[in-house]
Amino acid sequence: MHRHEKLVLKALLQDSGEVPHIASCSKLPEDSVLRALQWLEEKGAVRLASAKSTSYSLTQEGKSFLEHGFPEQNLLEKLSRGTQVGPEEKKIGIPWAIRNGWLEFTKEKEMNATKKGIDEHTRYSPRDILKKISENKPVSESDRASLDSLCKRGSVQLKERSSYSASLTEKGKKMAAGVGEIPEEVSVIDRELIMSRKWKSAELAAYNTDAPVERAFPGKRHPLRKLTEKIRGIFSEMGFEEMEGESAESAFWNFDALFQPQDHPARELADTFYLQGKASLPDSDLVERVKDAHEKGWKYKWDPEIAKSLVLRTHTTAVSARYVAMGGGEPAKYFCVGRVYRNEQTDFKHLAEFFQVEGIVVWEKATFCDLMGLLKEFYGKLGFEKIRFRPSFFPYTEPSLEVEVFFEERNEWLELGGAGVFRPEVCIPLCGKYPVLAWGLGLERPLMIKMGIEDIRTFYRNDLGWLRNSKGGF
Amino acid sequence: MAIVEFNYKELCKFMGVCVPLPELREQLDMMGAPVDSIDGETMRCDITPNRIDLLSVEGLARAVSNFIGAKKPFDYEVGKGGVTLAVDSSVKSVRPFVAAGIVKGITIDDSTIKSLMQVQEKIHATHGRNRKKVAIGIHNLDPLKPPFTYKAVSPKDISFVPLDLEESLDLSQIIEKHPKGKDYAHLVAEYDRYPIIVDARGNVLSFPPIINGELTRVSESTSNIFIDVTGTSFDAVNDALNVLCALFSDRGGKLFSVDVGGRELPDLSRRKITVSPEQMNNLIGFKLKPEEMAPLLSKMGHIAKLNGQELQVLCPPYRSDIIGWVDIAEDLAIAYGYNRLEPTLPQLPSIGRLLDSRERIREAMVGLGFCEAITYTLSNDEVNFSKMRLKNNGKATKITNPLTIDFTLFRTWLSPSMLSVLGVNSHEPMPQKVFEIGDCYEGGRREIHFACSLAKARASFSEMKSVAEALALESEMRLEFRDEAHPSLIPGRSVSVWVKGEKKGFLGEVHPEVLNNFGIEEPTVIFELEL
């Protein structure tokens with residue numbers, strides 16, 4: 001039995017009666033009493049009787065009419081005195097005065113008070129009814145028609161109310177007798193209640209579990225970070241060692257070491273961010289070898305000053321070049337995830353800085369087919385089952401290829417990264433060994449497709465609504 | 001990449017065979033000239049910058065017809081023209097190299113002119129580095145009287161009627177007045193003498209790399225052509241000349257040589273490269289027999305002959321992209337078909353190793369309910385300094401060629417990024433908790449910073465201090481807090497943060513003026529630390 005049922009039974013055992021009475025006996029709110037009574041009725045413990053009663057009250061307008069008179073009364077008053085008729089008297093007063101037979105219009109369309117009007121308007125019975133209602137006095141049956149009219153007019157409001165009274169059945173009396181001590185109800189549970197064991201004699205208040213609650217926001221990693229972490233995991237599984245470089249890089253490592261001639265369009269101011277200051281060049285033997293490769297391969301005078309320019313790296317291949325040189329040609333598998341930069345206007349398709357990942361394999365026995373196998377494995381781990389290759393061109397790789405993967409989301413093949421074998425003109429000056437396999441891809445574009453994003457800038461806007469609700473991805 | 005337009009029917013005409021469009025598309029993709037889009041008969045292909053021979057419909061048709069086996073590789077004949085182009089030493093310091101050739105008996109219609117203009121424009125833009133490295137002039141030969149001279153002259157000394165104008169202008173006037181003159185003036189402006197090509201009568205054919213003369217305009221009545229290519233590298237001008245001569249020959253013209261400073265050009269003989277079949281097999285990872293290689297290479301326009309253990313490859317004169325044996329190896333793989341190659345894995349055992357990506361900090365922050373932001377590392381004076389109530393201390397690494405006012409320097413700290421994020425999020429429910437780990441540069445040195453900020457009603461110093469202490473415990477750092485004012489923070493509500501006796505960061509309530517600057521509407525606390 002609910003605590004309220006017990007309280008109501010106890011109250012009824014002393015005195016049956018209407019709900020307000022039971023409420024005051026049981027110290028419960030009326031709606032709780034009524035609910036408990038309904039439950040008890042279902043159990044056959046109480047008889048519940050309902051009675052309908054009606055009551056009348058004045059509306060705002062009714063109160064005003066009682067105090068200042070009805071507009072039709074005031075109209076007649078003013079007509080008889082010959083004073084100016086107000087808008088309310090015109091709008092509401094005239095129709096009612098006509099209905100009452102108080103007013104007629106002359107041929108010249110002038111208002112004329114009838115004798116009936118002059119007689120009746122000062123002792124107008126609807127006003128008496130308003131007075132009775134305001135004083136809670138009963139309205140006589142002869143006034144019924146006027147009262148209905150006042151209700152329709154909106155001066156009086158009719159209220160219908162059900163009242164319930166209850167008494168115990170024989171079963172109820174037995175149940176009530178069985179109700180023992182009713183424990184105290186507790187809403188806040190505190191340390192004292194728990195440690196003192198007082199909770200044993202307390203009843204814990206129930207909550208309205210439907211009530212809306214405040215929204216909680218979990219902390220989250222950025223979607224791009226989730227992807228970089230996933231890719232780091234894939235490379236690690238595939239036995240690759242992570243490498244790291246700086247955003248500010250010398251043109252030597254970003255371009256020259258990769259056999260990109262000093263007049264190459266990618267090196268122009270319109271594509272590459274140049275930084276204040278100069279970088280230093282690596283050891284002179286290496287510089288000499290790179291210089292030779294350029295002068296033999298491209299037939300121009302290589303300028304060390306141009307190689308010393310400081311740039312924001314345009315690709316993570318700059319990092320690869322450093323590691324290839326550093327490793328001295330020892331077999332190795334390296335990878336890198338990092339920010340790269342292009343001096344481009346930012347719009348929904350382009351960014352001036354974005355993420356690139358790159359993997360390389362330095363091994364004399366490595367083949368172009370090995371590169372394809374690594375790509376299949378890598379993209380497979382990223383979730384792309386279907387992958388194909390197309391010839392392509394990069395200044396520092398030969399053979400080169402473009403990876404196309406099948407996006408189920410779009411139902412089409414899309415380019416997703418480039419790969420190739422570093423040219424001997426790149427490898428031999430850097431480490432004396434050949435070949436080096438390499439592949440790389442940008443992260444934002446595939447993630448856009450996976451997450452259904454149209455504007456690439458979304459990733460860097462960090463809209464909290466988006467971050468908090470972000471779903472999907474790899 | 002250059003996007004080049006081709007007409008499907010014209011392409012088929014030059015191929016000498018009609019291949020259905022879907023199959024043609026597949027072949028172009030697999031040949032390395034992928035189709036970007038098709039619109040009716042117009043195809044747009046992505047031509048990589050190394051393949052200037054594919055920038056014309058004639059060249060693309062030639063490559064495809066070789067690739068599908070419709071045509072065998074063939075050679076170009078050049079008759080002796082008996083025409084001289086003398087190269088005066090005055091051009092050495094201005095625009096030292098020139099190449100030239102003659103085409104006779106060509107039929108020119110409207111589509112030929114359009115096609116020629118496209119090739120010239122694309123070669124200029126890519127290989128020619130916007131005419132700096134290479135510039136092409138194509139002339140009607142008939143009004144001219146050889147021999148020709150390439151020389152540099154004083155800008156006021158010579159005048160001629162440039163293309164598209166009626167009046168005769170001297171060279172300096174052309175640079176000032178002619179639209180092309182204005183576009184390319186920067187290529188000659190630094191010199192006191194400008195290069196020109198004149199004929200025996202002193203008529204000016206060309207003022208490279210700016211404009212040709214009206215006299216030699218090519219029209220539908222032209223049948224004999226003189227080509228000049230000038231530039232800063234002999235190989236570059238010669239490569240462009242070969243590509244142009246080959247396509248004129250494909251159009252039915254007969255080629256004749258010009259004696260350019262003692263050298264008969266164009267020289268359309270094949271270049272010999274000796275390659276090792278074994279080396280190519282090892283690189284690609286297949287096991288082709290040497291005799292299987294020759295037919296494959298002919299699909300790419302080469303003529304290959306086995307000579308003992310070596311393969312002698314004769315490359316077409318228009319394939320300037322072939323530098324060494326790896327380029328032949330790539331052609332071999334393309335001819336074999338990339339998707340027929342069997343992917344393998346390198347049998348090189350290794351153990352994966354990861355650097356510290358500060359994942360421990362990230363995990364702690366996410367656990368504390370913070371969202372990770374990733375922001376631009378590039379910033380500007382206003383955001384990095386002014387909005388933070390700081391003066392530029394000159395320690396930021398500046399970009400010398402900024403394209404926009406948004407990105408003029410590399411950020412020196414993360415707090416402006418954090419506040420920018422809060423600034424665009426004032427409409428989002430509070431509390432707002434964000435953090436980032438990212439690169440900064442100060443005094444030319446790379447630093448990795450961590451920052452987090454919290455915005456909400458009654459956000460307080462103590463709340464952020466408790467976050468900092470929790471993070472310190474999680475990541476085993478010992479942080480020490482010392483009272484210190486900071487221009488971006490409220491005086492008396494900020495501390496500097498020290499690690500191992502070194503000042504590494506700060507923590508405190510953000511100054512209301514800074515909040516106003518970033519459009520943040522609620523109190524905000526921030527904590528930044530160099531890691």
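These numbers were taken from a predicted model, which means no experiment stands behind them. The sequence lines fix the lettering, A, B, ..., with proteins before strands; numbering per chain opens at 1.
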Could you tell me whether the side chain of [Y] reaches within less than 4.5 Å of the side chain of [X], counting heavy atoms only?
X	Y	value
D321(B)	F393(A)	no
L351(A)	Y376(B)	yes
D235(B)	W298(A)	no
F368(A)	F286(B)	no
S236(A)	R353(B)	no
E229(A)	R362(B)	yes
P429(B)	R468(A)	yes
F217(A)	C371(B)	no

Item checked: Pairs involving residues 395-410 of chain B, ordered by first then second residue, that meet side-chain hydrogen bond (donor to acceptor under 3.5 Å, both in side chains) (sequence neighbours left out) -> none
Could you look at [X] and say if it's the side chain, the backbone, both or neither that has a heavy atom under 4.5 Å from chain B?
X	answer
K333(A)	side chain
L310(A)	neither
A332(A)	backbone
A366(A)	backbone
F459(A)	backbone
L312(A)	side chain

Checklist line | Electrostatic pair R423(A):E330(B) at N-O distance under 4.0 angstrom | finding: no
Margin query: Check R225(A) with E372(B), please: is the shortest side-chain N to carboxylate O separation under 4.0 Å?
Written below: yes
Notebook entry, point to check: Under a 4.5 Å heavy-atom cut-off, does chain A meet the side chain of I328(B), its backbone, both or neither?
Noted result: neither
Notebook entry, point to check: Is it the backbone or the side chain of K133(B) that comes under 4.5 Å from a heavy atom of chain A, or both, or neither?
Noted result: side chain
Next item on the list: Count the heavy atoms belonging to other residues, nucleotides or ligands that lie under 6.0 Å from NZ of K278(A), then report whether that count exceeds 12.
Entry: yes
Item checked: Any side-chain donor near an acceptor of the partner, S357(B) and R232(A), under 3.5 Å -> yes
Checklist line | Audit row: Y341(A), T377(B), side-chain hydrogen bond (donor to acceptor under 3.5 Å, both in side chains) steps and yes/no | finding: CA-CA 10 Å; Y341(A) 302 82; T377(B) 57; 2.7 Å; yes
Next item on the list: Look at the side chain of N339(B) and the backbone N and O of F389(A), then say whether any donor-acceptor pair between them is shorter than 3.5 Å.
Entry: yes
